[in-house]
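What follows is one structure encoded as structure tokens, with my remarks underneath.
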Amino acid sequence: MRDDREGMAEWSRSSPKGYQIGDLWNHQWFPEMTLLPKKPCKSKAKGLVLGALLTSFLLLLYSYVVPPLYPNLAFTTSEAAAPCSPVPNEPVAATPANGSAGGCQPRRDIVFMKTHKTASSTLLNILFRFGQKHELKFAFPNGRNDFHYPSYFARSLVQDYRPGACFNIICNHMRFHYEEVRGLVRPGATFITVIRDPARLFESSFHYFGSVVPLTWKLSSRDKLAEFLQDPDRYYDPSSYNAHYLRNLLFFDLGYDSSLDPGSPRVQEHILEVERRFHLVLLQEYFDESLVLLRELLCWDLEDVLYFKLNARRDSPEPRLSGELYRRATAWNLLDVRLYRHFNASFWRKVEAFGRERMASEVAKLRRANEHMRSICIDGGQAVDAEAIQDSAMQPWQPLGIKSILGYNLKKSIGPQHEQLCRRMLTPEIQYLSDLGANLWITKLWKFFRDFLRW
């Protein structure tokens, strides 16, 4: 889902050439104004005034929604030193044993650092379901579906936050600030995140977010990604608006300086810091294996980690990176490359410790269970284009100007044993957040205007 702050910038790309918001207002919504030949000047003036008023209102809304333009400046709440204070007699998360030794208790205090373009929306649904099933307390953003990204996370951004408040699950998009996050959860909470091949992540991020990075507007060829990679410094300024989407996005999301010299010793220091803080770093390319390790770590049931792929995009018409372009994209994201190589190696060490044969068996079991749920839940058995989704509650948030995110149709006849699970597994992020009680008034207001203007 694109963040609501991207709306105004995306309009310039998605609108017909030469059109402005005022033109949309004049020609699309009030076509009768152009049919008054007796008073052309008056009609034109009226349209300009209405267009200017609408534009001013949207710019005002946009300025409120968009975070400060200094995303690298960390800030903290005034009570940063105070940890959360559990209510007396409130159960504390048990430290899990390795599931093979005498059983274990499920972990219920979890911080998921939700990175961009890494299948994180699918993992988010898993956490939503587990938290709802066990009536856990979520730390939700206030007003929108992220914690004012790309600004650093602060406890004050949490809906209904009070000093000393404790939460079980934190899982929405943020720019990570460890001390602030740690102050919201009990000692012993499990920290997890997910990463992806940096070249592939860059490719996905470029196609998804590139239009809201102003310097990329100079790209003129049909294959804008290829043109960018031929001379990236020409189209990239680390201090420009939204530039973080186009280089070392993993490093940025995790709270570090994404413009560091790759040879700086600070890079390895940051990577080791991530290793100390996070109990498991999942790999998007090995999502099923990652879920098996996660299930082992959290001591969850198999049903808890079942999933359908959410927020998937329709296949892009642009060819995937290969050969020289893949090498260029890798070289352009060297901080993320070093991060990925480190945790790719540690991931397979965890797999070895788990047992290769055991891992293969558990992955096969997970895939069989997923396919079984697919046959029970999904009408037609597969994802469909947005226009084919019949229930608005199943309609995922779409990028501005184009409906490229796929969704699902829920089968009309599902037995009572699976009906609730099916619906929850298929519910998109925005609707699920609303179901869980998150206050999304900014996101909903932005959606209202998008629907009104048919953006």
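- By the 4.0 Å N-to-carboxylate-O rule, Lys350 lies too far from Glu296 to be salt-bridged with it.
- The distance from the CD atom of Glu429 to the SG atom of Cys171 is 8.5 Å, given to the nearest 0.5 Å.
- Remark: side-chain polar atoms of Ser290 are not paired, donor with acceptor, to backbone N or O of Leu282 under 3.5 angstrom.
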Worked check of salt bridge (Lys or Arg N to Asp or Glu O under 4.0 Å) between Arg328 and Glu324: CA-CA 6 Å; Arg328 286 177 178 269; Glu324 180 61 22; 3.4 Å; yes
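- Using a 4.0 Å cut-off between a side-chain N of Lys or Arg and a carboxylate O of Asp or Glu, Lys365 and Glu362 qualify as a salt bridge.
- Between Arg200 and Glu203 there is a salt bridge, since at least one side-chain N of the basic residue sits less than 4.0 Å from a carboxylate O of the acidic one.
- Side-chain atoms of Ser120 and His173, non-hydrogen and from C-beta on, do get closer than 4.5 Å to each other.
- Judged by distance alone, the side chains of Asp257 and Ser259 do bring a donor and an acceptor atom under 3.5 Å apart.
- Looking at Asn344 and Tyr286, their side chains never bring a donor and an acceptor atom within 3.5 Å of each other.
- Atom-to-atom distance recorded for Leu124:CG and Tyr432:OH is 10.0 Å, nearest 0.5 angstrom.
- Residues Leu246 and Leu215 have side chains not in contact (no heavy-atom distance under 4.5 Å, counting atoms from C-beta outward).
- Using a 30° and 60° split on the angle between ring planes, Tyr245 and Phe209 fall in the parallel class, below 30°.
- Looking only at atom types and distance, the side chain of Arg374 has no donor-acceptor partner in the side chain of Asn370 under 3.5 Å away.
- Here the CG atom belonging to Leu254 is positioned 10.5 Å from the NE2 atom belonging to His270, to the nearest 0.5 angstrom.
- Side chains of Phe130 and Leu298 form no contact here, defined as non-hydrogen atoms less than 4.5 Å apart.
- Using a 4.5 Å heavy-atom threshold, the side chains of Lys218 and Tyr235 count as touching.
- Looking at Asn168 and Arg186, their side chains come closer than 4.5 Å, going by heavy atoms from C-beta outward.
- Glu273 and Tyr178 are not linked by any side-chain donor-acceptor pair at a separation below 3.5 angstrom, with hydrogens and angles left out of the test.
- Interatomic distance, Glu275 CD to His342 NE2, rounded to the nearest 0.5 Å: 3.5 Å.
- At a threshold of 4.0 Å, the pair Arg368-Glu371 does not count as salt-bridged, since none of the basic side-chain nitrogens sits closer than that to a carboxylate oxygen.
- A donor-acceptor pair under 3.5 Å is formed between the side chain of Asn248 and the backbone N or O of Ser258.
- Separation of the Phe278 and Phe343 ring centroids does not fall under the 6.0 Å cut-off.
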Residues Lys114, Met174; criterion side chain to side chain contact (heavy atoms under 4.5 Å, CB included); working and verdict: CA-CA 7 Å; Lys114 188 175 188 290; Met174 68 171 77; over 6 Å; no
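- Within the 3.5 Å criterion, the main-chain N or O of Gly437 finds a donor-acceptor partner in the side chain of Gln159.
- A donor-acceptor contact closer than 3.5 angstrom links the side chains of Tyr149 and Asp253.
- Considering CG of Leu201 and CG of Asp336, their distance stands at 6.5 Å, rounded to 0.5 Å.
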Residues Arg129, Leu306; criterion side chain to side chain contact (heavy atoms under 4.5 Å, CB included); working and verdict: CA-CA 10 Å; Arg129 288 178 0 236; Leu306 300 181; 4.1 Å; yes
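- The cationic atom of Arg175 (NZ for Lys, CZ for Arg) lies less than 6.0 Å from the six-membered ring centre of Phe252 and within 45° of the ring axis.
- Counted within 6.0 Å of CD on Gln417, heavy atoms from surrounding residues, nucleotides or ligands total 12 or fewer; the atom is thus considered open.
- We find that Arg266 and Glu269 are not joined by a salt bridge, their nearest charged nitrogen and carboxylate oxygen being 4.0 Å or further apart.
- If you take SG on Cys422 and CZ on Phe308, they are separated by 6.0 Å, rounding to the nearest 0.5 Å.
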